[in-house]
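One structure is given here, and the rest of the page talks about it.
Please read these numbers as outputs of a predicted model, since none were measured by experiment.
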Amino acid sequence: RRRHTRWNCSSRGLGDVYKRQGGHKSRCTATDISTAGTFLKVNPLQVPRNKRLNLMFALHLNASNLVRLRRVSAIAIRTEHSGVGMKFCK
């Protein structure tokens with residue numbers, strides 16, 4: 001049972017995520033998000049487990065063409081064939 005409610009990212013304008021690993025930056029898609037973490041659609045082989053990564057969420061505001069960027073650190077705690085489960089760091 002989940003402790004935190006999950007929200008669909010596409011309905012909230014939160015789909016685009018950029019991850020930085022070393023000097024390499026790549027784009028992926030978040031499918032859902034909660035206060036504790038997110039699930040990213042990405043090749044699981046591209047994300048090391050139990051290593052802190054820097055993520056940048058592009059928040060698309062519906063009322064305008066503005067995009068707000070939010071940076072967070074997260075650790076990959078679960079991998080599946082379709083992506084990885086990321087836990088936000090404090």
Side-chain angles (χ1 to χ4, degrees):
R1 184 174 171 137
R2 300 193 182 277
R3 286 189 255 167
H4 305 282
T5 303
R6 295 191 307 174
W7 294 283
N8 183 309
C9 287
S10 62
S11 66
R12 298 185 183 279
L14 298 172
D16 296 333
V17 180
Y18 300 87
K19 69 178 180 64
R20 179 162 285 190
Q21 183 177 335
H24 186 272
K25 183 170 70 171
S26 60
R27 182 175 174 238
C28 51
T29 302
T31 59
D32 59 61
I33 192 167
S34 74
T35 56
T38 187
F39 187 83
L40 300 178
K41 288 175 87 173
V42 64
N43 182 345
L45 299 176
Q46 295 176 349
V47 181
R49 287 193 64 168
N50 300 318
K51 183 175 180 181
R52 184 181 288 225
L53 298 176
N54 296 316
L55 304 178
M56 183 171 56
F57 286 84
L59 310 172
H60 302 276
L61 304 177
N62 291 336
S64 67
N65 291 330
L66 294 176
V67 175
R68 180 173 284 172
L69 302 177
R70 290 286 183 209
R71 290 178 172 84
V72 296
S73 294
I75 297 173
I77 58 169
R78 189 181 88 238
T79 59
E80 296 180 4
H81 69 280
S82 61
V84 295
M86 304 291 291
K87 179 181 176 182
F88 296 138
C89 302
K90 299 200 183 229

**Study point:** Distance, nearest 0.5 Å, that separates NZ of K41 from CG of D32
**Key:** 11.0 Å

Check your understanding: Which heavy atom in A76 sits nearest to a heavy atom in P48, and how many Å separate them?
Key -> CB-O, 3.6 Å

Check your understanding: Can you tell me how far the OG atom of S34 sits from the CZ atom of F39, to the nearest 0.5 Å?
Key -> 13.0 Å

Study note, to complete from the structure: Taking every heavy atom of H81 against every heavy atom of P44, the minimum-distance pair comes out as O-CD, 4.0 Å

Check your understanding: Do T35 and F88 have side chains that get closer than 4.5 Å, going by heavy atoms?
Key -> no

Study note, to complete from the structure: In short, L69 meets M56 closest at the heavy-atom pair CD1-SD, 3.8 Å

Check your understanding: Cluster question for you: counting only ILVMFWY and a side-chain heavy-atom cut-off of under 4.5 Å, with indirect links fine, are V84 and I75 together?
Key -> no

Revision key, fill the gap. Distance col, row I77:CD1 vs R49:CZ, nearest 0.5 angstrom, shows 8.0 Å

Practice item. For residues V47 and V42, determine if any side-chain heavy atom of one lies less than 4.5 Å from a side-chain heavy atom of the other. Key: yes

Review point. Of all residues at least two apart in sequence or in a different chain, which pass the side-chain hydrogen bond (donor to acceptor under 3.5 Å, both in side chains) check with N54?
Key: S73

Review point. Got M86 and L53 here, is their nearest side-chain heavy-atom distance under 4.5 Å?
Key: yes

Check your understanding: Side chains of L40 and L55: closer than 4.5 Å at any heavy-atom pair?
Key -> yes

